[in-house]
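Scroll down for the structure; my scribbles are underneath it.
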Amino acid sequence: MATVLCVLYPDPIDGYPPRYVRDAIPVITHYADGQTAPTPKEPLGFKPGELVGCVSGALGLHQYMEASGHRFIVTSDKDGPDSEFEKWLPEADVVISQPFWPAYLSAERIAKAKKLKLALTAGIGSDHVDLAAAARANIVVAEVTGSNSIGVAEHVVMSTLALVRNFLPSHRFAEQGGWNIADCVSRSYDIEGMHFGTVGAGRIGLAVLRRLKPFGLTLHYTQRHRLGADVERELDLIYHPDAASLASAVDIVNLQIPLYPSTENLFDAAMLARMRRGAYLINTARAQLVDRDAVVDAVTSGHLAGYAGDVWFPEPAPANHPWRTMPFNGMTPHVSGTSLSGQARYAAGTLEILQCFFDGKPIRPEYLIVDNGTLAGTGAKSYEMK
Ligand code: NAD
């Protein structure tokens, strides 16, 4: 019997939903790059479209855990030495966590987790795990690559439109009974004709570019591995050798690279200063890619016209985090990758990975971040471990 320690975000404050606004979600079988959506063995343990990312939803895993006889601990209590997470960590063979409510697996915590063999991210982005420490301890790190990429790409498109068109303040005027056209539009532009650049054009970044193409923008990108000439031609992409070159060439910058030691603070005060006056910055990748206070200064001084995204540090963000109240922000809690649609896939992918792990079968390479003491699969392509 193994102990599976699962950290999920708390239930809705009004309680677990008795019903949903829609009766079903579309069935997605393949992603744009041809990768198949998760294919766990039946039964699935939940109905796609149900809220499974929270504690009561338990990723729909109760049935599987009961049938396979594993001890299954589900908690949202993840921070501090007296948390349920720290209490159970020394017993855990498997830890499941989510980027939206990350159970930070620091080197210190990994040192306490003597039995830990698998750190599974129910979602995408495993920077809440100290990858080098996990590799040293021979812990497999896996995530459900592809599961919520389109949801995040949609959030980026939405954030771009919301910032540039000044949607959020205009909505507030409407809600508060106003009809202040001039107030609404004195910061409002069309995105048509603007230059948009993404730092990272992997699964999400490329999906963003494809979705923005019909809006009539000029599209730029930079990333570690240059895209194929066919894709560059299809989308009329302008390639930049690095983020600094891209930052000064576009009106809207999107960040879509993983967080690892050398990408931390990539957008510091100097990089922000390279951006055009009145540019917008969108970040649904990871908060520590940017310097928190430098962003506040850039938006407050008017150098940047706005900042939007859904990633913070730490998470959950403290009530006094300056991005909550800085002007011209389009921030949400970390939600872009956990729509009910995304949850259905990352919960199914979590089950698939657990079944492989417990049945001694290989985990798909695209799901692997660390394996056999080193970066593997998607981890080897997208991360660095220094
Ligand atoms: P991906 O692995 O498909 O793509 C990442 C790309 O970044 C890769 O192609 C890689 O070559 C490139 N890259 C890595 N380091 C780089 C660097 N220093 N400079 C330029 N390019 C670099 O990942 P993805 O699925 O597109 O996700 C990207 C990131 O988005 C994740 O790592 C995660 O942090 C974040 N994410 C956020 C959410 C959310 O809910 N907000 C959900 C999913 C993913």
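Counting starts at 1 for both ligands and their atoms, following the listed order. Nothing here was measured: the structure is a model prediction, and the numbers come from that model.
Per-residue contacts place Ile257 under 4.0 angstrom from the following atoms of ligand 1 (heavy atoms of the residue considered): 7 (O), 13 (N), 16 (C), 20 (C), 21 (N), 22 (C). Atoms of ligand 1 lying under 4.0 Å from any heavy atom of Gly337, numbered from 1 in the order shown and given with element: 40 (O). Against a heavy-atom cut-off of under 4.0 Å, Gln256 is close to the following atoms of ligand 1: 5 (C), 28 (C), 30 (O). Contact atoms of ligand 1 toward His334: 39 (C), 40 (O), 41 (N) (distance under 4.0 Å to a heavy atom of the residue). Interface atoms of ligand 1 facing Thr263, defined by a heavy-atom separation under 4.0 Å, are 18 (N). Under a 4.0 Å criterion applied to the non-hydrogen atoms of Pro258, ligand 1 contributes the atoms 5 (C), 7 (O), 14 (C), 32 (O).
In terms of protein heavy atoms, atom 41 (N) of ligand 1 is closest to Thr284 O, 2.9 Å. Here the heavy atom of the protein found nearest to atom 3 (O) of ligand 1 is Arg203 N, 2.9 Å. The shortest contact between atom 1 (P) of ligand 1 and any protein heavy atom is with Ser382 OG, 3.8 Å. Among all non-hydrogen protein atoms, the one lying nearest atom 42 (C) of ligand 1 is Val152 CG2, 3.2 Å. For atom 4 (O) of ligand 1, the closest non-hydrogen atom on the protein side is Gly202 CA, 3.3 Å. For atom 31 (C) of ligand 1, the nearest protein heavy atom (residue, atom name, distance) is Ile124 CG2, 4.3 Å.
Note: Trp179 and Phe173 fail the aromatic proximity criterion, with ring centroids not under 6.0 Å apart.
A side chain to side chain contact (heavy atoms under 4.5 Å, CB included) with Leu61 holds for exactly one of Thr350, Val52, Val74; it is Thr350.
Note that atom 23 (O) of ligand 1 has no protein non-hydrogen atoms nearby, at separations under 4.0 angstrom.
Residue-ligand proximity: Pro99 is placed with every non-hydrogen atom at 4.0 Å or more from ligand 1. The closest approach between Val199 and ligand 1 stays at or above 4.0 Å for every heavy atom of the residue. Residue contacts with ligand 1 include Ser336, since one or more of its heavy atoms lies under 4.0 Å from the ligand. Assignment of Leu259 to the shell around ligand 1 is not supported, since no heavy atom sits closer than 4.0 Å.
With His240 contributing its side chain and Tyr221 its backbone, the two residues share no donor-acceptor pair below 3.5 Å. No side-chain donor-acceptor contact under 3.5 Å links Asp190 to the backbone of Glu192. Formation of a donor-acceptor pair under 3.5 Å by the Arg203 side chain with backbone atoms of Ala32 is not found in this model. In this structure, Gln35 contributes its side chain and His30 its backbone to no donor-acceptor pair below 3.5 Å. Side-chain N or O atoms of Trp101 include none that pairs as donor or acceptor with a backbone N or O of Cys54 at under 3.5 Å.
Among Tyr383, Tyr346, Tyr260, Phe100, the residue whose heavy atom lies nearest to atom 18 (N) of ligand 1 is Tyr260. For the residues Thr145, Ile204, Thr121, the heavy atom positioned nearest atom 26 (O) of ligand 1 is part of Ile204.
Relative to the six-membered ring of Phe313, Arg286 misses at least one condition, a distance below 6.0 Å or an angle of at most 45° to the axis.
Looking at residues two or more places apart in sequence or on another chain, you find a ring-ring contact (aromatic ring centres under 6.0 Å, His included) between Phe72 and His62. Residues forming a side-chain hydrogen bond (donor to acceptor under 3.5 Å, both in side chains) with Arg71 (at least two apart in sequence, or on another chain): Thr3, Glu91.
Taking only nitrogen or oxygen atoms, main chain and side chain alike, Thr378 does not reach within less than 3.5 Å of ligand 1. Considering backbone and side-chain atoms alike, Asn148 places every N or O at 3.5 Å or more from each N or O of ligand 1. In terms of polar-atom proximity, Gln223 is counted as a contact of ligand 1, with an N or O under 3.5 Å from an N or O of the ligand.
Between Asp93 and Lys115 there is no salt bridge, since no side-chain N of the basic residue sits under 4.0 Å from a carboxylate O of the acidic one. Electrostatic pairing of Asp359 and Lys41 counts as a salt bridge here, judged by a charged N lying under 4.0 Å from a carboxylate O. Between Glu84 and Lys78, none of the side-chain N atoms (NZ, or NE/NH1/NH2) sits under 4.0 Å from a carboxylate O, so this pair counts as no salt bridge.
Heavy atoms of Leu266 found under 4.0 angstrom from ligand 1: none, in either backbone or side chain.
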